[in-house]
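Following: one structure in structure tokens, then a few remarks.
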Amino acid sequence: MVPESKEFLQTIKHTGPERYYLVREDILPEGVLKTVQAKELLARGEVKTIHDAVEQVGLSRSAFYKYKDGIHPLSKLERERIITISMDLEHRSGILSRVLALIANLEGNVLTIHQTIPLQGMANVVISVETTSMGEEIRQILDRLQSQEGVKRAMIIGQGS
């Protein structure tokens with residue numbers, strides 16, 4: 001019989017469902033807070049490497065790697081979802097293309113597109129969009145879609161993760 005390694009036992013220990021907690025910032029350890037700061041510097045492009053980020057916030061690289069996958073700002077977690085948008089578009093060349101370009105420019109990732117056959121000059125389009133990287137609120141996205149030429153209606157019909 002082979003003795004169980006420490007790594008094997010850790011794997012067994014972590015196979016259950018992950019648990020999450022909402023914790024007030026002021027009670028978090030300094031290393032966790034500095035990890036968030038370093039990740040934000042990287043995300044904003046203010047630094048190019050992890051080494052530069054941890055050096056700027058005064059954190060060891062080992063602490064960064066320990067916490068980096070386990071800490072995320074709540075605002076980021078709220079945006080990690082998929083939305084389904086239903087739109088009525090005028091049946092004219094380029095309308096859907098401009099809608100898709102707008103979503104791409106907002107850093108949305110289009111997952112599915114379903115378009116009905118145009119009737120009486122209008123087509124219904126249903127698009128599922130991953131909003132993880134999008135910086136704007138969903139209401140702002142809808143407002144921008146509705147202001148596009150040829151978009152007669154845009155509304156969220158589904159939301160999830």
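Not measured: the values here are computed from a predicted model. Heavy atoms only: backbone and side chains are in, while hydrogens, waters and symmetry mates are out.
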- Message: Taking transitive links into account, so neighbours of neighbours count too, which hydrophobic residues share a cluster with L119 at under 4.5 Å side-chain distance?
- Response: none
- Under the side-chain hydrogen bond (donor to acceptor under 3.5 Å, both in side chains) rule, collect the residues that match up with D69, sequence neighbours excluded. none
- Looking at residues at least two apart in the chain, or sitting in another chain, which of them share a side-chain hydrogen bond (donor to acceptor under 3.5 Å, both in side chains) with S62? S60
- Item | side-chain hydrogen bond (donor to acceptor under 3.5 Å, both in side chains) partners for Q120, two or more places apart | none
- Task: Tell me, please, which residues at least two apart from V32 pass side chain to side chain contact (heavy atoms under 4.5 Å, CB included).
- Result: L28, P29, Y67, I71
- Do E30 and K34 touch side chain to side chain, with heavy atoms closer than 4.5 Å? yes
- Item | Set of side chain to side chain contact (heavy atoms under 4.5 Å, CB included) partners for R153, sequence neighbours left out | S86, D88, N124, M155
- Item | CD1 on I127 to CD1 on I83, rounded to 0.5 Å | 10.0 Å
- salt bridge (Lys or Arg N to Asp or Glu O under 4.0 Å) involving D143 - partner list, sequence neighbours excluded: R139
- Note on the structure: Hits for side chain to side chain contact (heavy atoms under 4.5 Å, CB included) against S128, two or more places apart or cross-chain, chain-then-number order -> I82, T84, L111, T112
- Mind running side chain to side chain contact (heavy atoms under 4.5 Å, CB included) on I85 and I157 for me, showing each step along the way? CA-CA 6 Å; I85 305 168; I157 60 171; over 6 Å; no
- For M87 and A154, work out which heavy atoms get closest and say how close. CG-CB, 3.7 Å
- Query: For the hydrophobic clusters of this structure (ILVMFWY residues joined by side-chain heavy atoms under 4.5 Å, transitively), does one cluster hold both V126 and V99?
  - Reply: no
- Message: Using side-chain heavy atoms (C-beta onward) and a distance below 4.5 Å, is M134 in contact with V129?
- Response: yes
- Task: Could you tell me which residues satisfy salt bridge (Lys or Arg N to Asp or Glu O under 4.0 Å) with E46, sequence neighbours excluded, listed by chain and number?
- Result: R44
- So which heavy atom on K152 is nearest to which on E90, and how close? CE-OE2, 2.6 Å
- Query: Which heavy atom of I103 sits nearest a heavy atom of L145, and at what distance?
  - Reply: CG1-CD2, 4.3 Å
- Between A53 and A38, what is the shortest heavy-atom contact and its length? CB-O, 3.7 Å
- Taking a hydrophobic cluster as the set of Ile, Leu, Val, Met, Phe, Trp and Tyr residues connected by side-chain heavy atoms closer than 4.5 Å, whether directly or through intermediates, do V125 and M122 fall within one such cluster? no
- Query: Does K68 offer a backbone N or O that forms a donor-acceptor pair with the side chain of K39 under 3.5 Å?
  - Reply: yes
- Residues that, via side-chain heavy atoms closer than 4.5 angstrom, fall in one hydrophobic cluster with L42: L41, V47, I50, V54, V57, L59, F64, Y65
- Query: Can you tell me how far OG of S147 sits from CG of L142, rounded to the nearest 0.5 angstrom?
  - Reply: 11.0 Å
- Item | By side chain to side chain contact (heavy atoms under 4.5 Å, CB included) - contacts of I95 (at least two apart) | L89, R92, R98
- Mind checking what makes side-chain hydrogen bond (donor to acceptor under 3.5 Å, both in side chains) contact with H51, not counting sequence neighbours? E55
